[in-house]
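So the structure is just underneath, and the comments pick up after that.
When reading the values below, keep in mind they use all heavy atoms of this one structure, side chains included, and skip hydrogens, waters and symmetry mates. Lettering of chains follows the sequences in order, A, B, ..., and the numbering in each one begins at 1.
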Amino acid sequence: MIATGPLLQMEGISKAFPGVRALEGASLTVGRGEVHAVMGQNGAGKSTLIKILTGAYRRDAGTVTLDGRPVDFHSPQQAQAGGVSTIYQEVNLVGFRSVAENIFLGREPRRWGLIDRRRMHAEARRLLERLGVEVDVSRPLGAINVALQQMVAIARAISFESRLVVMDEPTSSLDEAEVATLFGVIRQLKADGVSVIFVSHRLDEVYAICDRVTIMRDGRTVDDRALTDVSRLELVARMLGKDLAEVRRSGATGFADATHHTERRLLEARGLRGAGRTLEHADVAVRAGEIVGLAGLLGSGRTELARAIFGADPVEAGELEVDGRPVRFGSPADAIRAGIGLAPEDRKTEGIVPEMSVRENLTLALLPAISRYGVVDRRRQQEVVDRFIRRLDIKTTGPDQKIRELSGGNQQKVLLARWLCLDPRLLLLDEPTRGIDVGAKGEIQALINELADSGLGVLMISSELEELVEGSDRVVVLRDGRTVAELPHAAITEDAIMSAMAEGPATGAGERDGG
Amino acid sequence: MARASETAAVGDLGRGRARPRDVRDLGQTYGAAAALALLVLYNAVFTDRFLTTDSIYVNLTQVAPIVIVALGMTLVIATGGIDLSVGSLMAIAGALAPLIFLSDVPFGVAIAFVVPVLVTGAFGLFNGVLITRFGFQPIIATLVLFIAGRGIAQVLTNGELQPFRNPAFQYIGLGRVLGIPFQVLLMLAIFAIVAWTVRTTRFGRQILAIGGNEAAARLAGVPVNRVKLAVYGISGLLAGVAGLIVIAINSSSDANQVGLNLELAAIAAVAVGGTPLTGGRATVVGTLIGALILQLLRFTLLSHGVPDAVALVVQAGIIIAAVFLQRQRQT
């Protein structure tokens, strides 16, 4: 241990993909034996930076020094040989072969040209013991649980004499006990002088296990801090690009006449839980004529909540009421019949049918209503399509144009029209303005507002604080799959939303915020 | 407000411009149609007695079972699936029908038309259940009956050839209406129904939406599982009809031979006709033309003394050319 200074230093890293600048002068410094978090919103550049480190991508500019020596890994194999190992979310080992075989895959200890099974098992046992993990190394990997598989992946990593282990969202598929085991292993690695890069969206976990954090936004590194002297609120503010002091000064910009709701409750969800760990205990209510903003960091369960309400994902526990009557939708078709529509976050993979025309896309959900004996009434279809193209000002060469040829904003308008033509009572909008140019964005926001004025209930998921503050009558905040706050109109400020996202108290029965 | 008037202008312009796009879409079909026309023309000039009703009917009666199966296959493929079981289902229908009309059941011939087709339709639904309820890949799910189906047919017939003579039943393969072979009329009728279904019905739109983007279709309330069950059921029904035609023509049912390799012929016809195997589009006219091209190509080569083995290779070449042209068009 003669070497001093940081173990890893990445400086001025830039990377462009066709049409996108993913990284611009990003940096990352990791000390010896340090557990270092990397955080940022979607598209901040975290995974690109990690992939450049591990050799999956090549950088356009910048320097990487490991242990004081410049390195340039061309492949993950090279990175591994150089002392940098990566544990991915999905364990990529061979399920049919034993734990020991997986650890030594490709470099099994040999004797007389044959695999020395006894030595392999002994070595594997020794490595896992070092991590404090007990498992029968002769069992097939597929027969042990995911957390243990991850431990095996880590054992494999340290058997390469890795000095830096990169963990990309390692806890996303683990339950709480398994997370505790993983943290034990991380502490052991740290004690052995191995550094860990920990990519996660979960604030609790980052504060529980990490020493420092690098915060990224828009392809740049915006901060590198010790976690002991950055508050959760400040961390979230940096991720979202908000100046705390400024937010406090300006306060709410508010909507002057935002009290257009009535008292009639359209939707009420209590203690909703989905399969897996992303949605644990969510409460939300929407009244007629009200826009309820749904806020939360990536992975907080926003999208999952909307999908669970809509019947697109199974609900494991909790109550759902529409118009005061308990319901449970087995499929989106059931929810649609109850007057609910969902515009998904990812238009391309879940919204549009790209090869079909604007006409067919717009009327896809309406088909049952405009067909008689199974035959589509072309004239009524055309009427509806013309009316909504005009009303939403959809820019298209005509109803026959393929929807994939439209701009993002106009595609979104067609998808909104798909629901509006059903005359729904409640719309679930997941990031309705993401990836849409400024002009169309304003139009869509105005439209949402107008719809609420006419009595529609809207649940609007958004990552943009301005949108939530200006558009919502109420804001419900989710964190780690739980509703942690509900802000009445007067209390909606960017500051209030952020602090709830960062550190709001968990509500409901199953409180688990220990700190 | 300037924007609104601008849109109106764009809209007006667009209506005029939308046509060429349709034409380009049809270009695929026209391309195949042109190839078919060339084949017909070539034979008219160089093949003896090609333009006689006899020769034309020979070709059409030979292609009818393939077209009927390929029409069902078109619907399946449009949802993004595939059905390998159709050849074996033809053998099942072919094995069942003689068992019925050779027995003493009253109205044996009528039942021999209905029951085998319903049975293969039920087997089609079985494929659909494997796919929708148990999440099998379509190619694997239908491979089950591809293998087991022919076995079932052999068990039904004890693996023996069943010769028969039953003019009432064989009308489906040998009968003529106003001089036109009955199965050709049947083929055209089924073609018309399938084309109409895709073009005008809700079911047709839902098939295309599922093939185009299943997740989006589900979120738009399309009953994805029901629609898929239906297309595999239809594919099974049509395979049954084709099986009856084949045994009626042959005056015998051979569980080892009926429908052998027909699933591949049907898929080839769909591909040559311009329906992409990735789903989301269905060119019903194209399927008819595709089957005719493959049939006529083989006929042309054989009638000019080219050995069948070579004809098969040329067919394969045509399939490659057709799929290549499709890929060109997409970019």
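- Residue A:Q382 qualifies as enclosed at atom CD: its count of foreign heavy atoms under 6.0 Å is above 12.
- Checking side-chain atoms of B:T132 against main-chain N and O of B:N225 turns up no donor-acceptor pair under 3.5 Å.
- B:T200 places a side-chain N or O within donor-acceptor distance of the main-chain N or O of B:W196, the cut-off being under 3.5 Å.
- With a 6.0 Å radius and a threshold of 12 heavy atoms from other residues, nucleotides or ligands, B:I147 has its CD1 atom above the threshold.
- Of the possible polar contacts, one joining the A:W419 side chain to the A:L342 backbone as a donor-acceptor pair under 3.5 Å is found.
- Among A:A312, A:G351, A:A335, A:G341, the residue with the largest count of heavy-atom pairs under 4.5 Å with chain B is A:G351.
- Interface summary for chain B: among A:A333, A:P332, A:S331, the most heavy-atom pairs under 4.5 angstrom belong to A:P332.
- In this structure, no portion of A:R337 lies under 4.5 Å from any heavy atom of chain B.
- No other option in B:A220, B:A215, B:P223 has as many heavy-atom pairs under 4.5 Å with chain A as B:A220.
- Of the listed residues (A:I352, A:D334, A:D346), the greatest number of heavy-atom pairs within a distance under 4.5 Å of chain B belongs to A:I352.
- Under a cut-off of 6.0 angstrom, the local environment of CZ in B:R226 is sparse, with at most 12 non-hydrogen atoms contributed by other residues, nucleotides or ligands.
- Within the 4.5 angstrom heavy-atom criterion, only side-chain atoms of A:P344, from C-beta onward, approach chain B.
- Ranked by heavy-atom pairs under 4.5 Å with chain A, the first of B:A209, B:A217, B:G204 is B:A209.
- Among the candidates A:K348, A:M356, A:R347, the residue making the largest number of heavy-atom pairs closer than 4.5 Å to chain B is A:M356.
- Interface remark: A:R390 contributes no atoms to any contact with chain B (heavy atom separation under 4.5 Å).
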